[in-house]
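Worth knowing before you read on, the calculation uses all heavy atoms, side chains too, and leaves out hydrogens, waters and symmetry mates.
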Amino acid sequence: QASERALADGNGRQAVQEVLWLLETISTAFRNSDVLDGSIQGRYFNKIIGELRQRGRGHQDQILQWMMTLHGYLSSPTGGGVRHGVDLKEGLALGIDEARLYCNLIRSYLTFLIAEHERLSRHAA
């Protein structure tokens, strides 16, 4: 909801920050869970998703790679500049249309991660 309000107010960077934070938060649900052939030991987004990729098959590997790529781009000061600030010399302004696209992409990844966690939880039981 905070992301939607920020988009409506024309504050794209804040909107993306809100859903990016959710993506990082939701990924921690996999930590220490028994997943397929082991448990996830990573504590942060990149490590957790990287470990999931190692255990993933088919579509999961590609989806998780895209997720990591988007997260990395948005975190980079010369990319999206959302997570770690914008490079004042080489950074790009984030337009509201780009922000809306990033929010929608991240929301789709959130939905995927929640469904994947449920699937893996059923598989482990």
Side-chain angles (χ1 to χ4, degrees):
Q1 292 173 340
S3 175
E4 284 300 318
R5 281 193 303 273
L7 284 172
D9 292 342
N11 191 344
R13 185 170 313 284
Q14 181 183 347
V16 175
Q17 283 175 326
E18 293 288 340
V19 291
L20 194 60
W21 179 83
L22 282 175
L23 184 67
E24 293 168 342
T25 300
I26 293 295
S27 72
T28 64
F30 292 91
R31 196 172 51 213
N32 297 325
S33 297
D34 289 329
V35 177
L36 303 175
D37 60 349
S39 66
I40 302 297
Q41 299 299 314
R43 299 193 50 79
Y44 302 102
F45 178 83
N46 285 329
K47 294 291 184 183
I48 292 168
I49 300 302
E51 289 183 52
L52 284 172
R53 277 193 70 215
Q54 289 175 353
R55 292 168 174 80
R57 294 186 204 114
H59 297 295
Q60 291 91 348
D61 179 54
Q62 184 61 60
I63 292 165
L64 295 168
Q65 177 60 45
W66 287 333
M67 192 182 305
M68 287 179 67
T69 299
L70 179 63
H71 181 271
Y73 177 78
L74 291 173
S75 297
S76 171
T78 56
V82 172
R83 182 136 178 356
H84 296 295
V86 178
D87 184 296
L88 291 177
K89 292 184 180 183
E90 298 178 32
L92 301 170
L94 181 63
I96 196 68
D97 293 327
E98 290 90 358
R100 187 170 286 107
L101 172 65
Y102 292 138
C103 287
N104 288 337
L105 288 169
I106 295 167
R107 285 186 190 107
S108 67
Y109 289 138
L110 288 168
T111 302
F112 172 79
L113 283 179
I114 291 167
E116 191 67 0
H117 187 269
E118 289 173 0
R119 183 185 72 79
L120 293 172
S121 295
R122 283 190 309 269
H123 179 66

Quiz prompt | ILVMFWY cluster membership beyond I96 - transitive side-chain contacts under 4.5 angstrom | solution = L7

Quiz item: Taking the inter-plane angle between the rings of Y73 and Y102 on a 0 to 90° scale, is it parallel (under 30°), tilted (30 to 60°) or perpendicular (over 60°)?
Solution: tilted

Self-check item: From L113 atom CG to L22 atom CG, the distance as rounded to the nearest 0.5 Å
Solution: 11.5 Å

Quiz item: Side-chain heavy atoms under 4.5 angstrom apart, residues restricted to Ile, Leu, Val, Met, Phe, Trp, Tyr: same cluster for W21 and Y44?
Solution: no

Exercise. Using modelled atom types only, decide if a donor and an acceptor are shared between the side chain of T69 and the backbone of Q65 within a distance under 3.5 Å.
Key: yes

Self-check item: Test side chain to side chain contact (heavy atoms under 4.5 Å, CB included) applied to D87 - qualifying residues, sequence neighbours left out
Solution: P77, T78, K89, E90

Quiz item: Roughly how far apart are R119 CZ and F112 CZ, rounded to 0.5 Å?
Solution: 7.5 Å

Quiz prompt | Minimum side-chain heavy-atom gap T111-R107 below 4.5 Å | solution = no

Exercise. Taking all non-hydrogen atoms of both residues into account, name the closest pair between M67 and F45 and its distance.
Key: CG-CZ, 3.9 Å

Practice problem: Answer whether the closest heavy-atom distance between the side chains of I106 and L74 falls below 4.5 Å. | Solution: yes

Quiz prompt | Point-to-point distance, once rounded to the nearest 0.5 Å, from NE2 of H71 to CD of E24 | solution = 3.5 Å

Quiz item: If you round to the nearest 0.5 Å, how far is OG of S108 from CG of L70?
Solution: 8.5 Å

Quiz prompt | Distance in Å, R53 CZ paired with I49 CD1, rounded so as to fall on 0.5 Å steps | solution = 10.5 Å

Practice problem: Kindly indicate whether the side chain of E98, heavy atoms from C-beta on, has any atom under 4.5 Å from the side chain of L101. | Solution: no

Throw together a table of side-chain donor-acceptor distances under 3.5 angstrom for residues 11-20, partners on residues two or more places apart or in other chains.
residue, atom, partner, partner atom, Å
N11, OD1, Q14, N, 3.3
N11, ND2, Q14, OE1, 2.9
R13, NH1, G80, O, 3.1
R13, NH1, G81, O, 3.1
Q17, NE2, V82, O, 3.1

Practice problem: Determine, using the 4.5 Å side-chain heavy-atom cutoff (strictly less than), whether L92 and V86 are members of one ILVMFWY cluster. | Solution: no

